[in-house]
Amino acid sequence: MSAALKNYWLMKSEPDAFSINNLRDRPNQTEHWDGVRNYQARNMMRDDMKRGDLVFFYHSNCEIPGIVGIMEVVKEGYPDFSAFDPDDHHFDPKSDHTKPRWMMVDVRYVKTLSRTITLRELKDRPELEGLALVKRGNRLSIMPVSQQQWQFILTLE
DNA sequence: GCCAACGTTGGC
DNA sequence: GCCAACGTTGGC
């Protein structure tokens, strides 16, 4: 794959735990995306997410689930240290510094969309049939978005 | 390696 | 709060 190619992603977060406004208000508007405990999502952060990739920020498990903003990958996959901390909610005794099991990336706030593009309307669009988010039973918290899907979603704003 | 039990996700 | 869908765990 050419280093010049930008990839696109979608990442879910429950706004009660961490919202787009929380990211915007962080120092440098940057935060590490810790707490992912799913192997498929881990592998994408470890292998595929590159500096400069753009990411939709999706609010899940809330009143109006949907895409609320855009962020950018600013640091590629590295060990998720929250797994090492017994006091952390995401502690995993099977992960340690010598053999970290979980990975994370750093993301920087880019913008908040002028409105929430809701899950409901994303599901209604035949152009997005292939998007993992709208597939039945989907539970992936991180997923790839094709360039075509990315550009189409932006036209919905 | 199978699969039942269990815990979690996340829309509704 | 409900519950379907899914991933993980662990007994065998």
Side-chain angles (χ1 to χ4, degrees), chain A residues 7-26 31-49 53-73 76-146 148-150 152-157:
Chain A
N7 292 311
Y8 301 92
W9 307 92
L10 180 147
M11 294 167 108
K12 298 177 182 174
S13 180
E14 301 189 14
D16 286 348
F18 187 72
S19 71
I20 183 87
N21 287 349
N22 293 139
L23 179 62
R24 182 197 61 205
D25 296 342
R26 278 290 188 277
E31 186 58 286
H32 46 269
W33 202 267
D34 64 326
V36 174
R37 298 290 178 269
N38 170 281
Y39 288 103
Q40 253 185 291
R42 189 272 317 262
N43 293 348
M44 287 187 267
M45 291 197 289
R46 186 188 60 193
D47 304 330
D48 303 322
M49 298 186 80
D53 284 359
L54 293 176
V55 186
F56 281 133
F57 196 126
Y58 177 90
H59 280 175
S60 68
N61 203 8
C62 56
E63 193 175 350
I64 306 174
I67 294 168
V68 295
I70 295 173
M71 49 194 170
E72 177 186 357
V73 177
E76 296 176 8
Y78 64 107
D80 179 345
F81 48 73
S82 71
F84 307 149
D85 178 3
D87 295 327
D88 194 287
H89 180 246
H90 296 293
F91 174 62
D92 181 352
K94 293 172 188 156
S95 186
D96 61 42
H97 289 82
T98 59
K99 227 179 168 214
R101 173 174 298 206
W102 304 112
M103 307 286 280
M104 60 186 174
V105 298
D106 286 359
V107 289
R108 182 195 292 137
Y109 174 87
V110 173
K111 66 180 283 198
T112 300
L113 298 185
S114 58
R115 68 181 193 87
T116 299
I117 302 174
T118 65
L119 176 63
R120 171 163 289 276
E121 61 189 304
L122 295 172
K123 278 181 167 173
D124 283 343
R125 295 294 187 154
E127 293 90 342
L128 299 177
E129 262 174 17
L131 184 65
L133 182 74
V134 303
K135 291 197 173 156
R136 184 179 148 85
N138 164 66
R139 287 171 53 187
L140 254 191
S141 63
I142 300 176
M143 67 191 72
V145 176
S146 75
Q148 291 80 4
Q149 290 164 343
W150 179 273
F152 177 76
I153 290 169
L154 287 179
T155 68
L156 300 176
E157 184 188 6

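In the text below, chain A, chain B and the rest are named by the order of the sequence lines, each starting its count at 1.
Here B/dG10 is the nucleotide among C/dT9, B/dG10, C/dA4 with the atom lying nearest to any side-chain atom of A/N61. Candidate nucleotides C/dT9, C/dA5, B/dC12 were compared by shortest atom distance to the side chain of A/K123, and B/dC12 ranks first. Nearest nucleotide to the A/Q40 side chain, out of C/dG7, B/dG11, C/dT8: C/dG7. For A/K12, whose side chain is taken as the heavy atoms from C-beta onward, the closest listed nucleotide among B/dG11, B/dG10, C/dA4 is B/dG10. Comparing C/dT8, B/dG11, C/dA5 by their closest approach to the side chain of A/R136 singles out C/dA5.
The interatomic distance linking A/N138 (CG) with C/dA5 (C1') rounds to 10 Å, in whole Å. Rounded to whole angstrom, the span from the NE2 atom of A/H59 across to the P atom of B/dC12 amounts to 17 Å. Between A/R120 atom CZ and B/dG11 atom P the separation is 12 Å, expressed in whole Å. One can place CZ of A/R101 at 17 Å from P of C/dG7, the figure rounded to the nearest angstrom. Computed from coordinates, the A/E14 CD to B/dT8 C1' distance equals 10 Å when rounded to whole Å. Note: CG (A/L140) to P (B/dT9) measures 13 Å, nearest angstrom. Going from atom CG of A/L122 over to atom C1' of B/dC12 covers 16 Å, rounded to whole Å. For A/L133 and B/dG10, the CG to C1' distance is 11 Å, given to the nearest whole Å.
Look at A/Y58 and you'll find a side-chain N or O under 4.0 angstrom from OP1 or OP2 of B/dG11.
Within the 4.0 angstrom heavy-atom criterion, only backbone atoms of the sugar-phosphate kind lie near A/K94; the bases stay farther away.
A distance-only check finds a donor-acceptor pair linking the side chain of A/E157 to the backbone of A/S114 [under 3.5 Å]. Checking side-chain atoms of A/H59 against main-chain N and O of A/I20 turns up a donor-acceptor pair under 3.5 Å. A donor-acceptor pair is defined here as one N or O able to donate and one able to accept, closer than 3.5 Å; such a pair exists between the side chain of A/N22 and the backbone of A/S19.
In this structure, A/Q40 places its CD atom where only 12 or fewer heavy-atom neighbours from other residues, nucleotides or ligands lie under 6.0 Å away.
At a threshold of 4.0 Å, the pair A/D80-A/R37 counts as salt-bridged, since one of the basic side-chain nitrogens sits closer than that to a carboxylate oxygen.
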